[in-house]
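Have a look at the structure below, then the notes.
Keep in mind that the numbers below use all heavy atoms, side chains included, and drop hydrogens, waters and symmetry copies. Computed from a predicted structure; not experimentally measured. Counting begins at 1 with the first residue of the sequence.
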Amino acid sequence: GNANMSLIRSRVSFADDALEEDRPMQGQSPYLINAGLFYRHPGSTFSMAILYNRIGPRLIGVGRSAILSEHSANVPDSYEMPRNSLDFNVAFDLRHGLELRLTARDILNEKVLFMQTAELTMMDGSSATRNEITKSYRPGTSLNVSLTYNF
């Protein structure tokens, strides 16, 4: 088996008088986790693999700030939230260069969530944080069976 993890710190900086605030680079996750278990039966034509992947929250839409007369408007950044993904492969090497393979991708089929977080100032002067899911869907699990001939 194998496993790896990457920690990434990206930053886009703006001038102090800019309407935009410093933020992470768009599309860059702060962490990536990958792990895999692999098995090949000794003296056999059978092999299998199970693969795990997780990507941290990544900025997918940069928000905007604007000053409209005496009021300001703020559209918060939009993030794709973390999710777990699990894939499975099994293969049989058949005779005469044939290989039969079954692949299942995204077995967990967790929801893909896009979220915006807004910092609000209430009428009484207190502040509050509001998280809003702007898009949600399940990508589905895909199954693939293939027969390959190598010559």
Exceeds 12 heavy-atom contacts within 6.0 angstrom, atom [atom1] of [X]:
{"X": "Asp16", "atom1": "CG", "result": "no"}
{"X": "Arg54", "atom1": "CZ", "result": "yes"}
{"X": "Arg130", "atom1": "CZ", "result": "no"}
{"X": "Leu102", "atom1": "CG", "result": "yes"}

Restricting to non-hydrogen atoms, name the atom on [X] and the atom on [Y] that form the minimum distance, rounded to 0.1 Å.
{"X": "Gly1", "Y": "Phe38", "answer": "CA-CD1, 4.1 Å"}
{"X": "Leu143", "Y": "Ala104", "answer": "CD2-CB, 3.5 Å"}
{"X": "Leu113", "Y": "Ser136", "answer": "CD2-OG, 3.4 Å"}
{"X": "Pro57", "Y": "Tyr31", "answer": "CD-CE2, 4.0 Å"}

With rounding to the nearest 0.5 Å, note down the distance linking [atom1] in [X] to [atom2] in [Y].
{"X": "Thr117", "Y": "Glu132", "atom1": "OG1", "atom2": "CD", "answer": "10.0 Å"}
{"X": "Ile50", "Y": "Ile107", "atom1": "CD1", "atom2": "CD1", "answer": "5.5 Å"}
{"X": "Leu147", "Y": "Leu100", "atom1": "CG", "atom2": "CG", "answer": "6.0 Å"}
{"X": "Gln28", "Y": "Gln26", "atom1": "CD", "atom2": "CD", "answer": "11.5 Å"}
{"X": "Met115", "Y": "Glu80", "atom1": "CE", "atom2": "CD", "answer": "12.0 Å"}

Can you get from [X] to [Y] by hopping between Ile, Leu, Val, Met, Phe, Trp and Tyr side chains that sit under 4.5 Å apart?
{"X": "Met81", "Y": "Leu32", "result": "no"}
{"X": "Leu98", "Y": "Met48", "result": "yes"}
{"X": "Ile33", "Y": "Leu108", "result": "yes"}
{"X": "Ile133", "Y": "Ile60", "result": "no"}
{"X": "Leu86", "Y": "Val90", "result": "yes"}

Donor-acceptor pair, [X] side chain versus [Y] backbone, under 3.5 Å?
{"X": "Ser78", "Y": "Gly61", "answer": "no"}
{"X": "Ser29", "Y": "Arg58", "answer": "no"}
{"X": "Thr134", "Y": "Phe114", "answer": "yes"}
{"X": "Gln116", "Y": "Pro76", "answer": "yes"}
{"X": "Thr45", "Y": "Asp93", "answer": "yes"}

Q) Angle class for the Tyr149/Phe151 ring planes (parallel below 30°, perpendicular above 60°, tilted otherwise)? A)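 Answer is parallel, since the angle falls under 30°.
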
Minimum side-chain heavy-atom gap [X]-[Y] below 4.5 Å:
{"X": "His41", "Y": "Ser47", "result": "no"}
{"X": "Arg101", "Y": "Phe92", "result": "no"}
{"X": "Asn89", "Y": "Leu51", "result": "yes"}
{"X": "Val112", "Y": "Pro139", "result": "yes"}

(message) Checking Asp106 now: which residues fulfil salt bridge (charged side-chain N to carboxylate O under 4.0 Å, His left out) with it, not counting sequence neighbours?
(response)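 Asp106 satisfies salt bridge (charged side-chain N to carboxylate O under 4.0 Å, His left out) with Arg83 only.
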
### Query
Should Arg105 and Phe88 be marked as a side-chain contact (heavy atoms from CB on, under 4.5 Å) after you check the CA-CA gap, both sets of side-chain angles, and the distance that decides it?
CA-CA 7 Å; Arg105 296 200 188 280; Phe88 178 74; over 6 Å; no

For a quick check under 3.5 Å, do Asn84 and Tyr52 share a side-chain donor-acceptor pair by atom type?
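On atom types as modelled, these side chains qualify, holding a pair under 3.5 Å.
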
| query | Taking atom types as modelled, is there a side-chain donor on Asn109 or Thr141 under 3.5 Å from an acceptor on the other? | reply |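 No - no donor-acceptor pair under 3.5 Å links their side chains.
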
